[in-house]
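Just below is one structure, and these are the notes that go with it.
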Amino acid sequence: MGQTTSTVNDGARLLHPVAVSGEKWVNLADEIEISGDRDYTKEIPDECLASVFHFLAGSDRRHCSLVSKRWLRVEGQSRYRLSINAKAEIVSWIPSIFERFDSVTKLALRCDRKSISLNDDALMIIAVRCRNITRLKLRGCREITDLGMAALAQNCKSLKKLSCGSCTFGAKGMNAVLDHCTTLEELSIKRLRGIFEAAELISAGAASSSLKSICLKDLVNGQSFEPLVIGCENLKTLRISRCSGDWDRVLQTIGNGKRSLVEIHLEKLQVSDVGLLAISKCLNVEILHIVKTPECSNLGLVSVAQSCKQLRKLHIDGWRINRIGDEGLIAIAEHCLNLQELVLIGVNATHLSLMAIAANCRKLERLALCGSVSIGDSEIACIAAKCVALKKLCIKGCAISNVGIEALAWGCPNLVKVKVKKCKGVSSRVMDWLQERKASLIVNFDTACEMELLDASGSDVGGQESGMDFSMMREQVVIPDGRANSTWRLALSRAKLGFFASRNLVPCTFSRRSNDESSSSSNC
């Protein structure tokens, strides 16, 4: 708008310092020659420039690489993490990619389901050019076979972490990695489709002494990994989820010799009290997750509580089959005095067990009670009175009312956050009162129940009836299950219509419209 653009020389002229000598003004620009084309970053060493790049996000780094050839070179040589869309079309670009990024130690290769992934030849090229790689993640690389994994294992012997998901190589490729990567510490396998019922077993191999963490998920023939789990001498973390087979025998073998286990996750497995009794022999266990294992009962949990006295975190999803209850939880309260986190889902605990936990577990900081019809106001009042160290509390789908929430205002002095969801007896009024009572407390309340009550008078199809789960946080509607847009939009519009109808706004609208129509007809 009428302004002229300033040049580099103009900027330099404006920034010339001026000094006073006696009564004479001296322009220091006469003494110092300033060049507008000078690149001051040339004086910065490459190491310092690389350190600056490490503080930038990925998009900012890409922009910086366009500044000059030197910045392009330094940015490529200082990048240690790289994620590639591993489609077959990029095979011809792989040499040039890793010629620029020649210092990569953490690599992720991802391919979507609708595309063809890179093959063994491409993985061989990557393995030769990235011999110093320590972390590798493969997602959806369905064209990689045992040959490609064998080439990777022979060239990348410094590998410490390997994560594979939705791949199709088999036991031979897995064994090749375990035989050659002697420093492998973490192994995560999910939906490995190359492991069949008649496949060879997978053993720990040369990584038996270095492996510290194993995660197995969604494996049709998970029993093929039994020798691997048993053969790891220094295993600390074991996560097994949705894997077929009888895992009691594996846990029995582990319990007889694995004293190093610290963390165990069991989810949707064929595990019984026999397996929990084997876990009780691992005296150093601190974190235990028992999720949807219907054959586990109070008997197994009592054995764990009596032996694993260092337990800090316990998650139990009882699947509402009432096999784990007060008996097992009372044993936890009596023996696991260092408990800091307790999550109970579908476990019908009463004030007897919760009172014991609140009285004995004085270090309890995080507590979640979900889907339990036996937890009411008396249980919440007990928690408020006894759990002095409690910082975070989550209550979902329990039979509590405003009375239980009011008890929190007079107890739990260290409480930082409370979340209440799907508790029909709790109103927003008492939650607002609790927020005012404790100003520093973060309150997260789901008002879906109130919306359903308002919706009942004016709408035939509410949020719950349409199969949706509406979670309203501070008047923000969240659709957590991510269904089709058309479905939830229709349900949301109906829910809103019912809400307004309960406040007599919809009848007013219809009456106004009818009056307008009558007046217009009379005019005709």
Side chain [X], main chain [Y], donor-acceptor under 3.5 Å:
| X | Y | answer |
| --- | --- | --- |
| Asp179 | Gly205 | no |
| Asp146 | Gly173 | yes |
| Arg142 | Ser115 | yes |
| Asp377 | Gly404 | yes |
| Asp120 | Leu147 | no |
| His54 | Ser78 | yes |
| Ser353 | Thr350 | yes |
| Thr183 | Lys160 | no |
| Arg323 | Pro294 | yes |
| Glu286 | Leu311 | no |

Take Ser208 and Glu233 through the test side-chain contact (heavy atoms from CB on, under 4.5 Å) and record every step on the way to the result.
CA-CA 6 Å; Ser208 59; Glu233 302 172 359; 4.2 Å; yes
Within the structure provided, determine whether [X] and [Y] are in side-chain contact (heavy-atom separation under 4.5 Å).
| X | Y | answer |
| --- | --- | --- |
| Ile240 | Val250 | no |
| Phe169 | Met174 | yes |
| Cys243 | Leu269 | yes |
| Asn119 | Ile144 | no |
| Met431 | Val426 | yes |
| Glu186 | Cys215 | no |
| Arg366 | Val343 | no |
| Val418 | Leu408 | yes |

Using every non-hydrogen atom in the two residues, find where [X] and [Y] come nearest and quote the distance to one decimal.
| X | Y | result |
| --- | --- | --- |
| Leu184 | Lys161 | CD1-N, 3.9 Å |
| Gly371 | Cys398 | N-SG, 4.3 Å |
| Ser303 | Leu276 | OG-O, 4.0 Å |
| Val373 | Ala399 | O-CB, 3.9 Å |
| Ala151 | Met124 | CB-CG, 3.5 Å |
| Gly140 | Ser117 | O-CB, 3.7 Å |

If you round to the nearest 0.5 Å, how far is [atom2] of [Y] from [atom1] of [X]?
| X | Y | atom1 | atom2 | answer |
| --- | --- | --- | --- | --- |
| Leu283 | Ser260 | CG | OG | 12.0 Å |
| Cys387 | Ile357 | SG | CD1 | 8.5 Å |
| Leu118 | Lys87 | CG | NZ | 12.0 Å |
| Leu235 | Ser210 | CG | OG | 11.0 Å |
| Ser103 | Tyr80 | OG | OH | 6.0 Å |
| Lys172 | Ile202 | NZ | CD1 | 12.5 Å |

Heavy atoms from other residues, nucleotides or ligands near [atom1] of [X] exceed 12 (cutoff 6.0 Å):
| X | atom1 | answer |
| --- | --- | --- |
| Arg100 | CZ | yes |
| Arg320 | CZ | no |
| Arg131 | CZ | yes |
| Leu56 | CG | yes |

Judged by modelled atom types alone, do [X] and [Y] share a side-chain donor-acceptor pair under 3.5 Å?
| X | Y | value |
| --- | --- | --- |
| Ser163 | Arg139 | yes |
| Arg110 | Ser83 | yes |
| Glu200 | Asn175 | yes |
| Arg191 | Ser166 | yes |
| Lys363 | Asn338 | yes |
| Thr105 | Asn132 | no |

Between [X] and [Y], is there a side-chain N and carboxylate O pair less than 4.0 Å apart?
| X | Y | value |
| --- | --- | --- |
| Glu267 | Arg242 | yes |
| Arg129 | Glu99 | no |
| Lys313 | Glu263 | no |

Pair Ile395, Lys421 - check side-chain contact (heavy atoms from CB on, under 4.5 Å), show working.
CA-CA 6 Å; Ile395 308 171; Lys421 303 183 70 175; over 6 Å; no
In terms of relative ring orientation, are His315 and His289 parallel, tilted or perpendicular, with 30° and 60° separating the classes?
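Correct class here is parallel.
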In this structure, which one of [options] forms a side-chain contact (heavy atoms from CB on, under 4.5 Å) with [X]?
| X | options | answer |
| --- | --- | --- |
| Leu393 | Val416, Val420, Leu415 | Leu415 |
| Cys296 | Asp273, Leu301, Val291 | Asp273 |
| Glu226 | Ile230, Val229, Leu228 | Ile230 |

Report the C-alpha distance between His265 and Ile287 in whole Å, list the side-chain angles of each, state the deciding distance to 0.1 Å, and finish with yes or no for side-chain contact (heavy atoms from CB on, under 4.5 Å).
CA-CA 8 Å; His265 293 233; Ile287 302 173; 4.2 Å; yes
Show your working on side-chain contact (heavy atoms from CB on, under 4.5 Å) between Leu123 and Leu109 and close with a plain yes or no.
CA-CA 10 Å; Leu123 187 61; Leu109 302 176; 4.2 Å; yes
